[in-house]
Asks: 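First the structure, which I've put down as structure tokens, then a few questions once you've had a look.
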Amino acid sequence: MADAKQQAAAPSGVWKTIKPFVNGGASGMLATCVIQPVDMIKVKIQLGEGSAAQVTKKMLAEGGPSSFYKGLSAGLLRQATYTTARLGSFRVLTNKAIEANDGKPLPLIQKAFIGLTAGAIGATVGSPADLALIRMQADSTLPAAQRRHYKNAFQALYRISADEGVLALWKGAGPTVVRAMSLNMGMLASYDQSVELFRDKLGAGEISTVVGASAISGFFAAACSLPFDFVKTQIQKMQPDATGKYPYTGSLDCAMQTLKSGGPLKFYTGFPVYCVRIAPHVMMTWIFLNQIQKFEKKIGI
């Protein structure tokens, strides 16, 4: 009888453990399906193809509406790895910290540190998918002879590992991790802090709390991460010249050359589109997550 009770309780225990990770990944993937077209435009602006209007017009003329969803498989794979790991680990670490704090809300500095940690974990897990996504999105900007013509994310991962070695899947992982740490520090810490502000101090309802906290979270995520995202994109899409020399020796060299040639504002190239892309994605991720959690509560899981 006791064994039967233990077996019945086991799935519940397993689900409780993996639930934050499953919910995080699902919410991120749903948000990506909505925001993918804006992400395509943002990458092409950063690669110097013109303004948002010019890029949009060119993409529609050359590839039609489907061109906005090029790299979607890599984007979904990235969310299934990166967002699953970062949101799941953030919630697990936050719950542990609250327990250690006798159930009291955590100070902002501690939330920021947990956000940094969660971002590093997520970026390390999701870096291969992120590399595949950047290469697929940037492929059309390369000269015809240098294009890779990846069919989907899994072929991209296979060809990168076969042609360049398995460790090449983490090419640019340094700036990816740093960018993710900065983004998640802004996104995760500000969301929890804003929820406490709207719900506990201002007495806002559920919808106002989620939407308001999500908007603040999106703004801080974009403001903190764009300079690192710019460097990461430049590193991941660079190609060697005729002599085999790359334009940058690493992220620091890329940052210094960018600062020297364009000044600090160069790092914020495409900021309006980046902000429009990051903030809604962050908002939709939180909103989807909230709805998933409400559904789970309704059906009792």
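Numbers here simply count residues along the sequence, with the first being 1. Reckoned from all heavy atoms, side chains included, excluding hydrogens, waters and symmetry mates.
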Asks: Could you give the distance from NZ (Lys111) to CG (Leu93), rounded to the nearest 0.5 Å?
Replies: 14.5 Å
Asks: Quick one: pull up CG in Leu188 and CZ in Arg91 and give me the separation to the nearest 0.5 Å.
Replies: 8.0 Å
Asks: Side-chain contact test, heavy atoms from C-beta onward, threshold under 4.5 Å: evaluate it for Leu169 versus Leu157 and give yes or no.
Replies: yes
Asks: Keeping Gln257 on the side-chain end and Pro247 on the backbone end, is there a donor-acceptor pair under 3.5 Å?
Replies: yes
Asks: So, Glu164 and Arg159, do they make that salt bridge, N to O below 4.0 Å?
Replies: no
Asks: Any side-chain heavy atom of Leu76 sitting closer than 4.5 Å to one from Cys33?
Replies: yes
Asks: Nearest 0.5 Å please: distance from the OG atom of Ser261 over to the CE atom of Met256.
Replies: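 Answer rounded to 0.5 Å: 11.0 Å.
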Asks: Any side-chain heavy atom of Ile278 sitting closer than 4.5 Å to one from Leu183?
Replies: yes
Asks: Quick one: does Asn152's side chain have a donor or acceptor within less than 3.5 Å of a partner on Phe154's backbone?
Replies: yes
Asks: Just so I know, are the side chains of Tyr274 and Ile45 near enough to count as touching, which here means a heavy-atom distance under 4.5 Å?
Replies: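 No, too far: nothing below the 4.5 Å cut-off.
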Asks: Quick test of your reading of the model: are Glu206 and Arg199 salt-bridged, counting only N-O distances below 4.0 Å?
Replies: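 No salt bridge links Glu206 with Arg199.
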Asks: Kindly indicate whether the side chain of Leu72, heavy atoms from C-beta on, has any atom under 4.5 Å from the side chain of Thr32.
Replies: yes
Asks: Please list all pairs passing the ring pair (Phe, Tyr, Trp, His ring centres under 6.0 Å) test where one or both residues lie in residues 206-236, with sequence neighbours left out.
Replies: none
Asks: For a quick test of reading the model, state the closest non-hydrogen atom pair linking Ala129 to Thr81 and the distance between them.
Replies: CB-OG1, 4.1 Å
Asks: Val211 and Leu202: same hydrophobic cluster, using ILVMFWY side-chain contacts below 4.5 Å?
Replies: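 No: no chain of side-chain contacts under 4.5 Å links Val211 to Leu202.
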Asks: Give me the atom names and distance for the closest heavy-atom approach of Gly28 to Thr83.
Replies: CA-CG2, 4.0 Å
Asks: Please answer: with hydrophobic residues joined when any side-chain heavy atoms are less than 4.5 Å apart, are Leu197 and Leu108 in the same cluster?
Replies: no
Asks: Please report the shortest heavy-atom distance between Phe198 and Gly212, naming the atom on each side.
Replies: CE1-C, 3.7 Å
Asks: Is it true that Met136 and Phe68 fall in one hydrophobic cluster, defined by side-chain heavy atoms closer than 4.5 Å?
Replies: no
Asks: Quick one: pull up CG in Leu167 and CD1 in Ile160 and give me the separation to the nearest 0.5 Å.
Replies: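 Separation between the atoms: 13.0 Å.
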Asks: Nearest 0.5 angstrom please: Leu116 CG to Asn184 CG, how far?
Replies: 8.5 Å
Asks: Cluster question for you: counting only ILVMFWY and a side-chain heavy-atom cut-off of under 4.5 Å, with indirect links fine, are Phe90 and Met181 together?
Replies: no
Asks: Taking the side chain as every heavy atom from C-beta outward, state whether Val125 and Tyr82 have any pair of such atoms under 4.5 Å apart.
Replies: no
Asks: Given Leu289, which partner from the list Ser214, Ser27, Pro20 fulfils the side chain to side chain contact (heavy atoms under 4.5 Å, CB included) test?
Replies: Ser27
Asks: Under a 4.5 Å cut-off applied to non-hydrogen side-chain atoms, are Leu259 and Phe267 in contact?
Replies: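 Leu259 vs Phe267: side chains touch.
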Asks: Looking only at atom types and distance, does a side-chain atom of Asp253 sit under 3.5 Å from a main-chain N or O of Thr249, one as donor and one as acceptor?
Replies: yes
Asks: Using a 3.5 Å distance criterion without hydrogens, assess whether the side chain of Ser127 forms a donor-acceptor pair with backbone atoms of Thr124.
Replies: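 Not confirmed, Ser127 side chain does not pair with Thr124 backbone.
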Asks: Dump the intermediate steps for side-chain contact (heavy atoms from CB on, under 4.5 Å) on Lys19 and Glu296, then the final yes or no.
Replies: CA-CA 10 Å; Lys19 183 178 177 179; Glu296 290 171 344; 2.8 Å; yes
Asks: Apply side-chain contact (heavy atoms from CB on, under 4.5 Å) to Lys171 and Leu131, showing your working.
Replies: CA-CA 7 Å; Lys171 185 176 184 179; Leu131 176 63; 4.3 Å; yes
Asks: Side-chain heavy atoms under 4.5 angstrom apart, residues restricted to Ile, Leu, Val, Met, Phe, Trp, Tyr: same cluster for Leu30 and Met40?
Replies: yes
Asks: Tell me, yes or no, whether the heavy-atom count around Phe113 atom CZ, taken from other residues, nucleotides or ligands under 6.0 Å, exceeds 12.
Replies: no
Asks: Donor-acceptor check, side chain of Ser217 to backbone of Ser190, threshold 3.5 angstrom: yes or no?
Replies: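 Flag not set: sc Ser217 to bb Ser190 has no pair under 3.5 Å.
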Asks: Return the minimal non-hydrogen interatomic distance between Ser251 and Ile235, and the atom names on each side.
Replies: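 For Ser251 and Ile235, the tightest heavy-atom pair comes out as N-CD1, 3.9 Å.
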Asks: List the atom of Ile301, the atom of Trp15, and the distance in Å for their closest heavy-atom pair.
Replies: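 Closest approach of Ile301 to Trp15: C-NE1, 3.6 Å.
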Asks: Working to the nearest 0.5 angstrom, can you tell me the gap between Arg86 CZ and Phe21 CZ?
Replies: 13.5 Å
Asks: Restricting to non-hydrogen atoms, name the atom on Pro280 and the atom on Ile35 that form the minimum distance, rounded to 0.1 Å.
Replies: CB-CD1, 3.9 Å
Asks: Go through the steps for Asn101 and Leu106 under the test side-chain contact (heavy atoms from CB on, under 4.5 Å), then give the verdict.
Replies: CA-CA 7 Å; Asn101 200 36; Leu106 302 177; 4.1 Å; yes
Asks: Taking the side chain as everything from C-beta on, heavy atoms only, tell me whether Met59 gets closer than 4.5 Å to Gln54.
Replies: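 The answer is no; the side chains never approach within 4.5 Å.
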